[in-house]
Amino acid sequence: MSYNEAKDKYASIGIDAEAAIAALAKVPVSLHCWQGDDVGGFDRKAALSGGIQTTGNHPGKARTPEELMADIDKVLALCPGTKKINIHACYAIFENGEWADRDQIEPRHFARWVKFCKERGLGADFNPTFFGHPKCDPLTLASPNEDTRRFWVEHGRRCIRIAQYLAEELGQPCVMNIWAGDGLKDIPGDRLGPRLRYRKSFDEIISEPFDKSKVYVTVEAKLFGIGVESYTVGSSEFCLKYAAENKDRGVISLMDSGHYHPTEVISDKISSLLVYDKNIALHVSRPVRWDSDHVVLFDDETREIAREIVRCDALDRVFIALDYFDASINRIAAWTTGFRNMQKALLYALLQPCAGLKAMQDSQDFTRLLVAQEELKTMPFGEVWAEYCRRQGAPLDGEWLDGVVAYERDVLLKRR
Ligand code: RNT
Ligand code: ZN
């Protein structure tokens, strides 16, 4: 079947494939820089902490800014759509023998990222890094040790300045996400104290002045992490309440698809937050039994997340970022697969007869609703996806992996 035939097939059920392609091309999706080096960063050699872990030791991970940027370029060339680069503070780039600790970093340590983004016309998002550092005691923003807590608050405040710098330089808003893995391995003796300190620290961070039209501060909730199984300070309730209470100061909720109980899905939560909030943010990931950050698939939940965003007519209200890190396979293929799958899910969602499905529900025609949704699954989606890739100058499915394998042979395997 050709694209034109597929287009006609969609038109026969009231769907405009051209409009779907045009709409998707404008939706920014944030590509996380940390898939390229297993969340390593450039500012120190400390092991990952905060309950997150990469597993696998596939050869060829990026070791320097040059290598990471070269790898990102590969991914960008293989992915259709509008991209932003999501940078963590630990990816500061120090030059001429300089080094600055997390409570000393400055916008200029991200000048190379600005250059990288400018040359490619990309926006950027940003994240303070509250993990992988000796000052995780193990708590950071919730630490009872005032010296530790202040160190991390200062880090957060500096990150707001860096986020604003990125937004101003690149002429696009910057989402600055606060996630700290603060929590305890075993049963706490005090659950309230750390949460009160966490709130105080958040308040101190956002008291750093910023332009709310340029910097969107998000707070990411979590259930638990490896090594912090019994208690997480920044739980879902905590972060939702914090964002609600500080909405006017520019704080937005962020939901990561791996940060809830195993049968809980964020697709069902999106509409609840959109009832109350102008903007929300997402980390699209894939948890396998825990927050394992597997590569995002074109699976039911990723599709449902995208369908919800589209059905709520909220493509311009939801900040979509990817968050996964697989070190067991070729990292460029992992990155590319997840990004392309997010694009596929969004395109698939844009090819839904939303108004028709709503009408079936509202007229209690649940039989027709079920059948219609099932039959959508075998519509010729692949042809529309291929056309979208062609128009974006991106390779089609089946056309990109051999190039990645060649890059692995010629470049990645020489990184030893
Ligand atoms: C951890 C959170 C967080 C991190 C990144 C690296 O569970 O999902 O978003 O993955 O900041
Ligand atoms: Zn996340």
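Both ligands and their constituent atoms are indexed starting at 1 by order of listing.
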field: ligand 1 to Asp323 polar contact by distance, N or O atoms, under 3.5 Å
entry: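 Yes, since at least one N or O of Asp323 sits under 3.5 Å from an N or O of ligand 1.
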- request: Around atom 9 (O) of ligand 1, find the nearest protein heavy atom and jot down its residue, atom name and distance.
  value: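 In this structure, atom 9 (O) of ligand 1 has Glu220 OE1, 2.7 Å as its nearest protein heavy atom.
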- request: Give the numbers and elements of all ligand 1 atoms closer than 4.0 Å to a heavy atom of Asp291.
  value: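 This gives 7 (O) as the contact atoms.
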message: Can you confirm whether more than 12 heavy atoms, excluding those of Arg197, are under 6.0 Å from its CZ atom?
response: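 For Arg197, atom CZ is crowded (more than 12 foreign heavy atoms under 6.0 Å).
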message: Can you report which non-hydrogen protein atom sits closest to atom 6 (C) of ligand 1, along with the distance?
response: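 The closest one turns out to be His88 NE2, 3.4 Å.
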message: So that I know where these two stand, are Phe381 and Phe298 an aromatic pair - ring centroids less than 6.0 Å apart?
response: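 They qualify: ring centres under 6.0 Å apart.
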field: Atoms in ligand 1 flagged as close to Asp256, the criterion being non-hydrogen separation under 4.0 Å
entry: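 Per the distance check, 8 (O).
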query: What are the protein N, O or S atoms, given as residue plus atom name, that sit under 2.8 Å from the Zn ion (ligand 2)?
result: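 Hits for the Zn ion (ligand 2) below 2.8 Å: Glu220 OE2, Asp256 OD2, His283 ND1, Asp323 OD2.
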message: Using a 4.0 Å cut-off to any heavy atom of His283, which atoms of ligand 1 qualify?
response: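 What qualifies from ligand 1 is 9 (O).
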field: Phe110 ring center within less than 6.0 Å of Phe126 ring center
entry: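 Centroid separation for Phe126 and Phe110: below 6.0 Å.
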- prompt: Do Thr82 and Val29 have side-chain heavy atoms sitting under 4.5 Å apart?
  reply: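 Result no, sub-4.5 Å side-chain heavy-atom pair not found.
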- prompt: His259 heavy atoms, cut-off 4.0 Å: which ligand 1 atoms fall inside?
  reply: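 Heavy-atom distances to His259 below 4.0 Å select 1 (C), 2 (C), 7 (O), 8 (O).
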Ring centres under 6.0 angstrom apart (Phe42, Phe94):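 For Phe42 and Phe94, the ring centres are not under 6.0 Å apart.
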- prompt: Can we call the ring centroids of Phe131 and Trp179 under 6.0 Å apart?
  reply: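 Distance test on ring centres: under 6.0 Å, yes.
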message: Can you name the atoms of ligand 1, numbered from 1 with element, that are less than 4.0 Å from a heavy atom of Lys222?
response: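 Listed by number with element, the hits are 1 (C), 7 (O).
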message: I'd like to check which ligand 1 atoms, numbered from 1 as shown, lie under 4.0 Å from a non-hydrogen atom of Phe325.
response: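 Under 4.0 Å from Phe325, ligand 1 has these atoms: 10 (O).
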field: Proximity winner for atom 1 (C) of ligand 1, if only heavy atoms of Asp293, Leu48, Ile52, Thr54 are counted
entry: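 It is Ile52 that holds the nearest heavy atom.
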- prompt: Does a side-chain heavy-atom distance below 4.5 Å link Phe319 with Ile280?
  reply: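 Side chain of Phe319 against side chain of Ile280, heavy atoms only: no contact under 4.5 Å found.
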- request: Please determine if Asn177 has a nitrogen or oxygen closer than 3.5 Å to a nitrogen or oxygen of ligand 1.
  value: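 Checking ligand 1 against Asn177, no N or O pair falls under 3.5 Å apart.
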- prompt: Which atom names give the shortest non-hydrogen contact between Pro80 and Tyr388, and what distance separates them?
  reply: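 Heavy-atom minimum between the residues: CB-CE2, 3.6 Å.
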